[in-house]
Structure formats: structure tokens, C-alpha cells
There are 2 protein chains.
Amino acid sequence: MARKPDGEGRTTIKDVAALAGVSVPTVSRVLSGNYPVAPGTRLKVLRAMRELDYVVNAHARALAGATTKTVAFVVDDVTGPFYAYIARGVEQQAASEGRLCLLCTTHGDPEREVAVVELMREQHAEAVIVVGGAHAEESHIARMSYFARALDKAGSRLVLCGRPSLGEDVPTTTVHYDNEGGAHAMTAHLLSAGHRTISFMGGKPGLSTTDERVAGFLRAHAEFGVEVDESLILEGEFLKSHGIKLTRELLAEREDVTAIFAATDMIAAGVLKALRDLGLRTPEDMSVVGFDDIPLASDLTPALTTVHVPHEQLGREAVRLSLHRGEPAVNDQVVLGTHIVVRDSVARPRRL
Amino acid sequence: MARKPDGEGRTTIKDVAALAGVSVPTVSRVLSGNYPVAPGTRLKVLRAMRELDYVVNAHARALAGATTKTVAFVVDDVTGPFYAYIARGVEQQAASEGRLCLLCTTHGDPEREVAVVELMREQHAEAVIVVGGAHAEESHIARMSYFARALDKAGSRLVLCGRPSLGEDVPTTTVHYDNEGGAHAMTAHLLSAGHRTISFMGGKPGLSTTDERVAGFLRAHAEFGVEVDESLILEGEFLKSHGIKLTRELLAEREDVTAIFAATDMIAAGVLKALRDLGLRTPEDMSVVGFDDIPLASDLTPALTTVHVPHEQLGREAVRLSLHRGEPAVNDQVVLGTHIVVRDSVARPRRL
DNA sequence: CGCTTGATAGATAACGTTATCTTCACTCAA
DNA sequence: TTGAGTGAAGATAACGTTATCTATCAAGCG
């Protein structure tokens, strides 16, 4: 039972080699299995490893070899169901590809987003996946492009998940979903039902998610030949509380609105609550729809008609694409489809 | 503009040193700032770093120095709101202490939990935080204890968050919350309201979370001198669908139950839905309470009376305690309090 | 029977940092 | 002046792996 004195701390490959009576490289060979080792020798080494309770030092391995086997995941806030499901997709796919998953949050702060990407560069992550809507500011785009190139030069990859590409010439992988199409389909659904005065509620202009959803909203109106009253496009955060506040303000001012298109399901939850508090019935007095199809949507009363976003698949694809990209394309892009899910929150308008 | 030829990949500290015309250690000193460097030299180095767009190699640094600056976070599933909020707490605290956060999921599989902890050992994470109820199986406890000791020997720390300690002699930090007390208070609340036939619904026996909550349920009954009908303690997963199924089965068999204590808010959501489907009103025909106080609880109809768990604080404490533990205590323990939040889902029983 | 060949295993050199030990030029007191 | 003290930098040696090159031994072949 010759063993390294306890309390010494970490056991290294050297200790294993000594105990097994072989050289250090031989142990390394047993570990990686990429080189022939005599069965007897292998056994001795394995026994020594077990005896000493040895685990490799991932840092030393990363430094010596080339591959790092880590995927970084950058997100506003893990708490939102929207992100949580993408996170699950990322984590699952990463795990199934034998990768570890580094989690960072930015709290919606573009400054912090840049700082975090920098940090990931230090970690030599194989891919850095940035999730959620992007800010349209010129300076932010420039800085992200800069990091995309820096990562690319270091053999890594910037992945944009749920936000538009930075440009054809910037080396990134983009995994987006069809915000514009989903908003278009949903708006068409409302217009088909006879609604003509629809409020689009929530979202900050300049955030890609908002802009794309509003674009779909406008296009559907144009196709139906319905003029949009710009004052019905209300700005706000993606929060339930904002849904409540905006709904109150809207109904205090106008009587003619028959439907509310909430920019997200969370906002829609607030809208429904505000309507209930005001004594209005959904969908009889007011139709309400959302966007995202988070689990909450089907739990609301009434169950919310909304646009389904394939969150989990989004996360999986982000990892999958960034890890095995075959051709040396500068800029890979995938757009996943969205579709409307009809539940119980839409009816024909009463007052035309 | 003498610079390393592009396309070479990673720039190292050597390149910076060469460009700045100083030695490698000098650059390192500028980087860490723990040693005096002449202002002029510092400036030259900083300029070179910017010029070459240099970032340190975290792996090399981890290998050379001792500190690793990573916290690992092991959880069943990021998707559940319960875990998501703990995750947020962990991530926030880790970030504010300058640590990175490694995320792993186990999908409730004890095997995978062990594998993941092993993996974290390779990463030399400063702390490995395992979140959520634990399985009581002897073999699992033994293996976790083993890893706790292994981590401890390597200067790291196993943190149990929301699950009981592994024993006095096992080197761990435990950050728990008062399951038993919360369940006790809530049960007392129901008993005080006059309920005498209460079903405890959901949870798997053997999972610490379940066992602790049931214990509180039983203690309150004992204190009120009310006999518990064991057949009213129903087993099931922590899922909404199980809440629906169990409620249907329960009400098909018995007429005398006046209140349901759902083991979690998710189950309670299912209970409420099933009751509504059966044409029963809450709380007039049946009182319902939950446990966890996830955001969903206040959105349900009626708003759910439940036990508040300080999720985010739990995550923060886990990181804080594991990072600065002063005395060399083998086994630190903290238990955070829980309290009931009264909303609209409890009334006095109609039928006594 | 000597020489090539294949299968193993050891020796040595990276990998990119930080820690530690020296060295070197100065300044200041004796 | 000269020796001690000080501030700044270089030299060198880790850190724990894997990669690469070299050495050994046995078998196979001409």
C-alpha cells in the first residue's frame, strides 16, 4: 500500500506513475487511449489511479493539448422562462457532446456583455453563445464584431442565439427564430377575426426582438390594408408589471381598442390581470395574445393564444452548429420557424 | 507597428514582452499588479497588450498560480423556477466575488450527479454547489461523502444547498432552508382554519425535500391532536400533471377531504386546474396550499397561499459561505427560515 | 545471422503563466 | 568613499499535462 502521504493535496500523474512503476507519459497514454499500451501495463496504471483516487488536472490538460471542451453561455438572466429553456437546450447538447457549460449573466447591460465575452476569451471556450435580443447601438455592434474576430482568430466561435447577425463579413454562427414571421401570423390572426384597432404592447425600440416583432405587426396591417395608429404601439419592459401599467394607461385613454398584442407572454400575463381588475372579460371584451409560448401561457385564465418559439431547440442548435461546422463558412446562419398556438384568449370584437 | 504575424492564433505573454521590450515576468507583474513596476515600463507593457489584443490564458494562470476562481453549480434542471432563482443567486454572488460559474445538470439522476461532481474535481472548482433534494439511498450518501473528502483534500469544498448535511464528520458546507418548519406552519394554518381531513399531495418518499415537508405536516397534526390518515399522503412527482392526476384520483375515492397541501407550487397549480375541471371552487369547496412560493403562485386563480422559500438568498449564501469560511470548521451549517404567505386559496371548511 | 520492422516505453521538450531567486543600478548614511 | 539598503528588472524554475522524438526488444525476413 505504498501511497503518497495523505494531506499533501492534489495527486498528480507523477504519483500514479511512481506507484505503477512506469513513466509519466505512459500514464498519460492510458488516460487518453490514443497510443498502444500493453494490457498488463494498462492494468497496473489503472489500479494505481484508483488506489490514489486520481483525477486529471483539466487546466494542465488544456494547456498542453489544444482542445478545451467548454462552451460558454451568456444570457440576460437565467430566471426568465424564455432563457431558462434555451439554457436547458444548450446544457443538454453541450453535455451530450462531452462539453462543460460556463454560465454568465449580463442583466441586460451591454457593457457587461462585452466584459463577459472578453472573460470567455480568457477561458478559451470553444464557443461563446450569446442569447437574447441585441441592442442596435452602433458602438455595441462594433465591439461585438471585434470580439467575434478575436474569438475566431483564437479558434473559437461567437454564436448569436435569438438575435440577428452582425453582418456578412463577421465570423459568427447565428441561430435565430422568426420573430417577424410569428408576429405577422399572429397579427393576421387578429385582423382576420375582425379586429381593426390593435395595440402592440411592450418592448424597447432598438432591441432587436422588439423591432422584429413590431415589423411583423406592421407588415400584416399593410397586407390587410389597415392603417396603424402609431400611438397604439406602447413601449415597456418585458415584465408583468409593465403589462399591468400599460393596460391601465391605455384603457384610461381609449375606448376603441379591441385587441392587445403583448410583446411577450409575461406582459400578456400582466394585461390579463389588469383587465380582470378593471372588470373586463377576456376574450369577450378584449382579445389578448402574447409571444414566446412559455409554460405559463397555458396556465393563464383564459389560456393564452400566443406565438410558439422553439426555445430548447434554439439552444441545442446553437451548440451543435458551433461545434461541428464543416465548411469554413465565415458566417453560418439558421432561422428556426415559429407558429401561432391558438388557445382561448381571442374572440371576434364586440364593438366594431 | 511591429506585431506578431496575424493568423498565428493566440498571442501570448511572450509576444507582449517582446513588443514592449521587457522580460516575460515583467508583463506578468503588470498583469497582476502585486509587485512594483516602474510607471514608464507599465505604460509600455499596457500599450503592447492593447496593440496585440492580448488576453491571459486562464488555464496557464490556473496551472501556475493556485487560485482557480470557478464555482460549479450542479442542479436537476435549470428550467424549474425553484432552481432558476437559486441559480440566479449563485451566479450573482459568484460574479460579484469575481468567480466564474460552471453549470451542470443531472436530470434527477444520482449516477449523473456523482459523475458531474467528479468532473468538477478535474476542473479544480473552488466550490461545488449541489442544489435540491437528496436521495436517501445509503450508497449515494457514501459516494457523496467520498467526493466531499476528495474535494476537501484538493482544497475545494462541497456545498449542499437545500438538502441535509451528510454527517458531522464529512467536510461540507450546508445551506439549507426550513422545510419542516414551513410545512408545520402551513399545516397549523389549515388546522386552525378548522380543517381536519387534509391530503398531503406529491413528492417521493426518500427524497429529503419530501420527507422533511411530510415531517412538518405530521408534527402539526400531532400538536393539534388530530390523527393523520396515512392514506391521504399521496406520492407523486413535483409536476403539474401529477397534481391533476392525483386530485382526480383522490376525489373519485373520498368526499371528506376539505384541504389539499400540495408538496410544491407546481403540484398546486395542477390541483387547482383539476378542481376547476371538476366544477369545484377554490377555496369555497376545497382549500389548497402549496410550497416554494415561485412567481407562478401569485398568478394562479385564486392566488395561492404557500410557504415562501428564500431561493435567491439560498444561492448567494452557498457561494458566500464556501468562499470565505474563516475557521477551519469541518462542517459549516446554515438554515434559512421559511414563512407562510397567505393569499386567497384557503377558507374555513364548509362540510365539517 | 544480421538487419529491418513493429510494438512498447522512456526521455525530453513544449504549453503560457506565476513564484522565487538573482542581479543590477542607485541612493543614503557613516 | 564605501557598504548597506532599496527599487526595479531579468533568469530560472516550477505547475501537470500531452507531443514528439528516441531507445529497446522481440520477431520476421532475406
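Lettering of chains follows the sequences in order, A, B, ..., and the numbering in each one begins at 1.
- Across all strands, B:Pro36 comes closer than 4.0 Å only to sugar-phosphate atoms, never to a base (heavy-atom distances).
- A salt bridge does not link A:Glu51 to A:Lys44: none of the charged side-chain nitrogens sits closer than 4.0 Å to a carboxylate oxygen.
- In the set D:dA11, C:dT18, D:dA19, C:dT18 carries the atom at the smallest distance from any side-chain atom of B:Val24.
- B:Leu63 has its CG atom 17 Å from the P atom of D:dA13, to the nearest Å.
- Rounded to 10°, the helix from C:dC1-D:dG30 to C:dA30-D:dT1 has 60° between the axis fitted to its first five pairs and the one fitted to its last five.
- Atoms NE2 (B:His124) and P (C:dT17) sit 19 Å apart, rounded to a whole Å.
- Put simply, the side chain of A:Tyr35 and the base of C:dA9 share a donor and an acceptor less than 3.5 Å apart.
- Along DNA chain D, the nucleotide nearest B:Ala60 and the nucleotide nearest B:Val22 are compared for position; the residue whose nucleotide lies closer to the 5' end is B:Val22.
- The side chain of A:Ile13 sits closest to D:dT18 out of C:dT8, D:dA9, D:dT18.
- The shortest distance between the side-chain N/O atoms of B:Tyr54 and the OP1/OP2 oxygens of C:dT17 is below 4.0 Å.
- In this model, no donor atom of one side chain and acceptor atom of the other lie less than 3.5 Å apart for A:Glu317 and A:Gln313.
- For A:Asn57 and C:dG16, the CG to C1' distance is 14 Å, given to the nearest whole Å.
- Between B:Thr41 and D:dA9, a side-chain N or O to OP1/OP2 separation shorter than 4.0 Å is present.
- Listed pair B:Ser28 / C:dT18 meets the phosphate criterion, a side-chain N or O lying under 4.0 Å from OP1 or OP2.
- A:Tyr54 and A:Thr12 make their closest contact through CE1-C, 3.6 Å (heavy atoms, listed as atom of the first residue, atom of the second, distance).
- Summarising the geometry, atom CZ belonging to A:Phe73 is positioned 11.0 Å from atom OG1 belonging to A:Thr105; distances are rounded to the nearest 0.5 Å.
- Using bins of under 30°, 30° to 60° and over 60° for the plane-to-plane angle, the ring pair B:Tyr85/B:His311 lands in the tilted bin.
- Spacing between atom CG of B:Leu31 and atom C1' of C:dG16 amounts to 11 Å, rounded to whole angstrom units.
- For the pair A:Ser23 and C:dG10, the criterion of a side-chain N or O lying under 4.0 Å from OP1 or OP2 is met.
- Not a single donor-acceptor pair, N or O on each side, falls under 3.5 Å between the base of C:dT17 and the side chain of B:Arg29.
- Of the listed nucleotides (C:dA11, D:dT18, D:dC15), D:dC15 has the atom at the smallest distance from the side chain of B:Ala64.
- Nucleotides of DNA chain C nearest to B:His59 and A:Val37 differ in position, and the one nearer the 5' end is that of A:Val37.
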Assess the residue pair A:Arg157 and A:Ser322 against the criterion (side-chain hydrogen bond (donor to acceptor under 3.5 Å, both in side chains)); give the C-alpha distance rounded to whole Å, side-chain angles, the decisive distance to 0.1 Å, and a yes or no. CA-CA 7 Å; A:Arg157 190 74 174 176; A:Ser322 61; over 6 Å; no

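- Note that the CD1 atom of B:Ile13 and the OG1 atom of B:Thr26 stand 9.5 Å from one another [nearest 0.5 Å].
- The ring pair (Phe, Tyr, Trp, His ring centres under 6.0 Å) search around A:His59 returns B:His59, not counting sequence neighbours.
- One finds a side-chain N or O of B:Asn34 lying less than 4.0 angstrom from the OP1 or OP2 phosphate oxygen of C:dA19.
- The nearest whole Å value for the distance from the CD atom in A:Glu122 to the P atom in C:dG16 is 15 Å.
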